[in-house]
Enquirer: 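Mind having a look at this structure? Questions to follow.
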Amino acid sequence: MFNKRVRLPTLHGDRIDAADAACDSYYVASGHKGPFYAFAAYSTNCLHFAEGVLTKEQTKLEMRISVYKDFGKVDRQKLQYVHGTISDGTTAFWAYVNVAGAHELCEALVASSNVTDVKYGPVCISFSA
């Protein structure tokens, strides 16, 4: 697990427009369970994005995102399940989250055909700036 101050780039090369964020720099926290690595990009007041990387190519998966703030789960239905992209021997999942006051992010890879079937994870990352 690491915490490091970075500016805007994500692991898979996309960049976030600073105008979309409350701050122009982030901390990145990470964790992993087996071949699944989870990342959270956050600043003092906000969880900005979530990223998951499976260190092998695999189809029919979605990343389930759960965000916690104020000691309870935040309902983020539109971001709860994210499809992945296969490239160069990995499967990557990524989503803007943008939840103010968040303190924990949990990610898991689930079967696309049955979202209660957890294939990898969950990986939970607690953070504070």
Side-chain angles (χ1 to χ4, degrees):
M1 185 107 116
F2 67 91
N3 287 330
K4 178 179 161 184
R5 191 91 173 166
V6 297
R7 284 188 54 85
L8 301 181
T10 69
L11 291 178
H12 57 83
D14 290 346
R15 292 191 172 271
I16 297 172
D17 184 346
D20 291 340
C23 299
D24 67 348
S25 61
Y26 299 85
Y27 292 97
V28 176
S30 67
H32 75 93
K33 187 172 188 180
F36 178 54
Y37 289 76
F39 301 87
Y42 65 96
S43 62
T44 303
N45 297 316
C46 188
L47 171 62
H48 297 285
F49 64 86
E51 183 165 13
V53 177
L54 182 62
T55 58
K56 62 182 184 176
E57 295 183 1
Q58 188 168 339
T59 60
K60 300 180 183 174
L61 293 174
E62 296 186 34
M63 182 172 70
R64 181 182 68 207
I65 301 168
S66 299
V67 179
Y68 297 86
K69 75 177 227 181
D70 303 327
F71 306 102
K73 189 173 181 178
V74 176
D75 180 16
R76 299 292 292 181
Q77 188 64 36
K78 69 176 185 170
L79 292 176
Q80 194 168 7
Y81 298 98
V82 179
H83 296 289
T85 302
I86 293 176
S87 178
D88 298 324
T90 65
T91 309
F93 304 81
W94 190 89
Y96 284 109
V97 181
N98 291 326
V99 175
H103 64 83
E104 185 175 38
L105 168 70
C106 294
E107 300 176 13
L109 297 184
V110 299
S112 296
S113 60
N114 177 4
V115 295
T116 63
D117 182 8
V118 176
K119 299 296 187 183
Y120 301 95
V123 177
C124 293
I125 305 164
S126 296
F127 49 87
S128 61

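Nothing fancy with the numbering, it's 1 onward along the sequence. Bear in mind the structure is a predicted one, so any value in this text is a computation, not a measurement. Side chains are part of it too, since the values below use all heavy atoms of this structure and drop only hydrogens, waters and symmetry mates.
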Enquirer: Considering non-hydrogen atoms only, spot the tightest contact between Thr90 and Thr55 and give its length.
Expert: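 Smallest interatomic distance, heavy atoms only, reads CG2-CA, 4.3 Å.
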Enquirer: Parallel, tilted or perpendicular: which fits the ring planes of Phe39 and Tyr37, with parallel below 30° and perpendicular above 60°?
Expert: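 Judged by the thresholds at 30° and 60°, the geometry between Phe39 and Tyr37 is parallel.
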Enquirer: Find the distance between CZ (Phe36) and CD (Glu107) and round it off to the nearest 0.5 Å.
Expert: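 Phe36 CZ to Glu107 CD: 5.0 Å, rounded to 0.5 Å.
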Enquirer: SG of Cys106 to CD1 of Ile65: how many Å apart, nearest 0.5 Å?
Expert: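 Interatomic distance, Cys106 SG to Ile65 CD1, rounded to 0.5 Å: 11.5 Å.
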Enquirer: Is atom CG of Asp117 surrounded by more than 12 heavy atoms (other residues, nucleotides or ligands) closer than 6.0 Å?
Expert: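 Yes, enclosed.
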Enquirer: About how many Å separate CZ of Phe127 and OG of Ser43, when rounded to the nearest 0.5 Å?
Expert: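 Going from the OG atom of Ser43 to the CZ atom of Phe127 covers 9.5 Å.
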Enquirer: For the side chain of Lys33 and the backbone of Tyr120, is there at least one donor-acceptor N/O pair under 3.5 Å apart?
Expert: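 No, Lys33 side chain to Tyr120 backbone: no donor-acceptor pair under 3.5 Å.
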Enquirer: Do you know the tightest heavy-atom contact between Ala102 and Lys69?
Expert: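 That closest heavy-atom pairing would be CA-CB, 3.6 Å.
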Enquirer: Check whether Ser112 reaches the backbone of Leu61 with its side chain - one donor and one acceptor, N or O, closer than 3.5 Å.
Expert: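 A pair under 3.5 Å: yes.
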Enquirer: Which distance, rounded to the nearest 0.5 Å, do you find between the CG of Leu109 and the CD of Glu62?
Expert: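 It comes to 10.0 Å.
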Enquirer: Report yes if some heavy atom in the side chain of Ser113 is under 4.5 Å from a heavy atom in the side chain of Lys60; otherwise report no.
Expert: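 The answer is no; the side chains never approach within 4.5 Å.
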Enquirer: So, applying side-chain contact (heavy atoms from CB on, under 4.5 Å) with Phe93, which one of His83, Arg64, Met63 is it?
Expert: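 The option that passes is Met63.
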Enquirer: Taking Thr91 for its side chain and Leu54 for its backbone only, find out whether a donor-acceptor pair lies under 3.5 Å.
Expert: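 Side chain of Thr91 to backbone of Leu54: no pair is present.
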Enquirer: Tell me, do His48 and Asn98 make a side-chain contact under 4.5 Å, heavy atoms counted?
Expert: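 Yes. Closest side-chain heavy atoms under 4.5 Å.
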Enquirer: Run Thr85 and Trp94 through side chain to side chain contact (heavy atoms under 4.5 Å, CB included) and show every step you take.
Expert: CA-CA 9 Å; Thr85 302; Trp94 190 89; over 6 Å; no
Enquirer: Mark yes or no for whether Glu104, through its side chain, and Ile125, through its backbone, hold a donor-acceptor pair below 3.5 Å.
Expert: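 Such a contact is absent between Glu104 side chain and Ile125 backbone.
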